[in-house]
Number of protein chains: 2
Amino acid sequence: MLIGELAEAVGLPSQTIRFYERKGLMPAPARGGNGYRSYDDSAVTCVKFIRTAQAAGLTLVQIRSIVDLRDQGARPCTHVTELIEGKLVEVRRRMGELAALEKELEQLRERSQRLDPADCTDTDICHILAARNYKRRTPTNGRMPAPRTTQATDKHPGGPEDD
Amino acid sequence: MLIGELAEAVGLPSQTIRFYERKGLMPAPARGGNGYRSYDDSAVTCVKFIRTAQAAGLTLVQIRSIVDLRDQGARPCTHVTELIEGKLVEVRRRMGELAALEKELEQLRERSQRLDPADCTDTDICHILAARNYKRRTPTNGRMPAPRTTQATDKHPGGPEDD
DNA sequence: CTAAACCCTGATCCGCGCTACAAGGTCAAG
DNA sequence: CTTGACCTTGTAGCGCGGATCAGGGTTTAG
C-alpha cells in the first residue's frame, strides 16, 4: 500500500501521514525498491487510532506518549485512563470559563442595546467596551504574567486577581 | 509619561505596549528629544480599552478593526455590537463542542473501567481508544480544517483562493 | 518523447499573543 | 567615572497541527 492509498483509506492528505511519522506517531514503514513507503493494514489501524485519540481531545504529544508505551511492550491502559481523566478536568474547566465569558458577552450585548451610539465619544474609543471597571483578567486564556527580572510591572491598579 | 510608567499604570510589561503599537492598536505616541515615547492619559484609556475588549474574547485583529474605524472618524458601535454577537455565537458553539467532548470522555472513562487491561492487544495500540467506530471529525479544536473535500491528494488542483 | 500523477526529502510558513534576546543610547545617583 | 535602571530598534521563539513550497525522482499513459 502506497502512502497515497493509505491517505485515501483514512481520508487524510499524504503529507499528514508523513507528518505523523516524523512526530513518532507512526512506525517507519517498509520501503519499496524505489524508496516509496509501503504500508500494511496495521497502518490504517494506527492512523485511525491517532484520529480517535485526537477526537478525544488528546494532543499529538500525548498520543505519542501512548504509542511509546506500546513500543516499549507495556500496556498503556492506565496511562490512557489518566490522560482521559485529565482531559475531562480540562474540558470542564474550559466550559466554566466559556460560561463566564458568555455571561459577560450577554451583558455587553444588552448594554449595547441600552446605550445610544450618539453618546459614543472619541475618548472612549467605544463606550460599549469602555473600561470603567477595568479588571485585569485573562480572556479565558489562562496565562500568567510571568515572573520578570525587571520589576517594572508589578503593580496592578484593578482589584486582586485570583485565577 | 514614559512607557515604563504607562506600563506600570496598566499592569503590563512595556514590551506589550510596544507590541500593541506595532500592531496598530495604539497610536504612535509623541517622542521626547531623546527619542523616548511620551504618553498622555489617553494612552491609559487606550490600553484599558484593549484589555477590556480582550476580556470580551475579541482578538487583537478584531480590536484593531474597531480602533481603525475610530481613526477614520466613524462610531464603531454597530461594528462592536456585531463582533460581540458573533463572539457570543462562537462561544456557544464551542461550549456545545466541549459538551459533546465531555460526553465522549465520560464514555471513554467508563469504558476504561469496564475493559480488562489484560485484553489490550498490540494490534489495537490501546483498546480503550480502539477505532472501531471511526468518524472523521475535527478534534473539537475550534479550528476549521478548510472545506477540503478533496481526498488525500498531495497536489490539489488550485482551488479558489480568497484573501 | 512528453506530460501527468505519483513519490521523496527538507525547509519554511500559518495564526495567536505575546516574550525574550541582542546591541546599543540616555540619564540620574554615587 | 561608573553603575544600573531605564529607553531604543530589530529579530526570533513559543506551542499546536499541520500546509505549502522547492527541487527533485519514478511510473504510466498517450
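Owing to the predicted nature of the structure, the values given are computational and were not obtained by experimental measurement. Atom set for the values below is all heavy atoms of this structure, side chains included, hydrogens, waters and symmetry mates excluded. Below, chains carry the letters A, B, ... as their sequence lines are ordered, and counting in each starts from 1.
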Assess whether a salt bridge exists between [X] and [Y], defined as any Lys/Arg side-chain N lying under 4.0 Å from an Asp/Glu carboxylate O.
X: Glu85(A); Y: Arg109(B); value: no
X: Arg92(A); Y: Glu106(B); value: yes
X: Arg94(B); Y: Glu90(B); value: no

Between [atom2] on [N] and [atom1] on [X], what's the gap in Å once rounded to a whole number?
X: Gln62(B); N: dG17(C); atom1: CD; atom2: P; value: 9 Å
X: Leu6(A); N: dC6(C); atom1: CG; atom2: P; value: 15 Å
X: Arg18(A); N: dC7(C); atom1: CZ; atom2: C1'; value: 7 Å
X: Lys23(B); N: dC18(C); atom1: NZ; atom2: C1'; value: 10 Å
X: Arg64(B); N: dC18(C); atom1: CZ; atom2: P; value: 16 Å
X: Glu21(B); N: dC7(D); atom1: CD; atom2: P; value: 13 Å

Between the protein and nucleotides 10-12 of chain D, list every N/O to N/O distance that falls short of 3.5 Å.
none

Next item on the list: Identify, with sequence neighbours excluded, every residue that meets side chain to side chain contact (heavy atoms under 4.5 Å, CB included) alongside Arg75(A).
Entry: Arg70(A), Cys120(B)
Next item on the list: List in chain and number order the residues that pass side chain to side chain contact (heavy atoms under 4.5 Å, CB included) with Thr59(B), two or more places apart in sequence or in another chain; answer none if no residue qualifies.
Entry: Val61(B), Gln62(B), Lys87(B)
Check: With respect to the side chain of Ile3(B), which nucleotide from dC7(D), dG17(D), dG17(C) is positioned closest?
Finding: dC7(D)
Check: Which listed nucleotide (dC7(C), dG17(D), dG17(C)) is nearest to the side chain of Leu60(B)?
Finding: dG17(C)
Next item on the list: Output the rest of the hydrophobic cluster of Leu2(B): all Ile, Leu, Val, Met, Phe, Trp and Tyr residues reachable through side-chain heavy-atom contacts under 4.5 Å, sorted by chain and number.
Entry: Tyr36(B)
Next item on the list: State whether the number of non-hydrogen atoms from other residues, nucleotides or ligands found under 6.0 Å of Asp68(B) atom CG is greater than 12.
Entry: yes
Margin query: Over the length of the helix from dC1(C)-dG30(D) to dG30(C)-dC1(D), how much do the five-pair end axes diverge, rounded to 10 degrees?
Written below: 40°
For [N], does either OP1 or OP2 sit under 4.0 Å from a side-chain N or O belonging to [X]?
X: Gln15(B); N: dT19(C); result: no
X: Thr16(A); N: dA19(D); result: yes
X: Ser14(B); N: dC6(D); result: no

Next item on the list: Check each residue of residues 28-38 of chain B for a non-hydrogen atom within less than 4.0 Å of any atom in DNA chain C, then write out the ones that pass by number, or none.
Entry: Asn34(B), Tyr36(B)
Note to self: Treating Asp116(A) as the side-chain partner and Ala118(A) as the backbone partner, does any N or O pair qualify as donor plus acceptor under 3.5 Å?
What the structure shows: yes
Notebook entry, point to check: Hey, does the side chain of Thr52(A) reach the backbone of Lys48(A) with a donor-acceptor pair shorter than 3.5 angstrom?
Noted result: yes
